[in-house]
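Here the structure is laid out as structure tokens; the discussion comes afterwards.
Whatever order the structure lists them in is the order used to number ligands and atoms, beginning at 1.
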Amino acid sequence: MRRRHRSSELLDTGSAGAGQPAKTVVLLISGRGSNLEAILQAQLPCRIAAVISNRADAGGLDIAREHGIPAIVIEHGKFPSRSAFDEALIMEIEANRPDLVVLAGFMRILTPEFVEHYRGRLINIHPSLLPSYSGLDTHRRALNDGVKIHGCTVHYVTSDLDHGPIIIQAAVPVLKDDTPAALAARVLHEEHRIYPQAISWICSGRVALGGDGKVNFRLLEQPAPPLISPGLD
Ligand code: GRF
């Protein structure tokens, strides 16, 4: 991760802070696990205790095992209801007593009870600049609308699907001949940059969800350049 520190910025020391135990994180996945891999490779100031998938064929399970992290499968199809599945999921997550639960391509809608249980400790990455293009098929819909800038968002999860408080976003240009796959790849590259950053901020205490439902930042804002798309002459 790129870092530009200034004297007044709270430095990320790579740990949870002097004398503080590292925060414990559990990741939930359903698929290939490229965000999981980016998070594992970022060597964050936290302990990844387990990766749980609702699908036995999720590629991310192998990535977890390669990193020596317990890879657990809880198949949603084996439960009579969404709430029964979510209860089993909570039991498995709680065995690790996590400070943070990270949805990394977890393709199940969670019950309000689950979301409430993990209020302020549950984050997600979504492949659009929320609040635009919540839901599925975001890249095709963005291309159909002719938007010139698209991107991705890391946010706290609330029961309002894909509309929780925003932590960080990355924007990419939409190019003239883009296909959904080409645009998805450009966005995914940025997902792999912003998700580790968001987790690092939370685990080092620099970002938290306030009681008012807004994100509290203890960061010195790094000004980002404007993105104009198509570019000016
Ligand atoms: C990502 O595009 C993420 O934004 C979305 O699901 C996809 C997961 O990809 N929520 P991967 O499994 O991390 O490769």
Expected list for residues 161-174: side-chain donor-acceptor pairs under 3.5 angstrom, two or more places apart:
unit_1: Asp162; atom_1: OD2; unit_2: Gly135; atom_2: N; d: 2.8
unit_1: Gln169; atom_1: NE2; unit_2: Leu130; atom_2: O; d: 3.0
unit_1: Gln169; atom_1: NE2; unit_2: Thr153; atom_2: OG1; d: 3.0

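Taking a cutoff of 4.0 Å between a charged side-chain nitrogen and a carboxylate oxygen, Asp212 and Lys214 do not qualify as a salt bridge.
For atom 8 (C) of ligand 1, the nearest protein heavy atom (residue, atom name, distance) is Gly105 CA, 3.5 Å. In terms of protein heavy-atom proximity, atom 1 (C) of ligand 1 is closest to Glu191 OE1, 3.1 Å. From the protein, the heavy atom lying nearest to atom 9 (O) of ligand 1 is Arg32 NH2, 3.3 Å. Considering only non-hydrogen protein atoms, atom 10 (N) of ligand 1 sits nearest to Ile125 O, 3.0 Å.
Within the 4.5 Å cutoff, the side chain of Asn124 has no heavy atoms near those of the Val154 side chain.
Checking only distances, Ser34 does come within under 3.5 Å of ligand 1, N or O to N or O.
Which of Ala104, Gly31, Gly33 comes nearest to atom 12 (O) of ligand 1 through a heavy atom is settled by distance: it is Gly33.
Among residues two or more places apart in sequence or in another chain, the side chain to side chain donor-acceptor pair (under 3.5 Å) test is passed with Glu94 by Tyr118.
Between the side chain of Asp99 and the backbone N or O of Thr24, at least one donor-acceptor pair lies under 3.5 Å.
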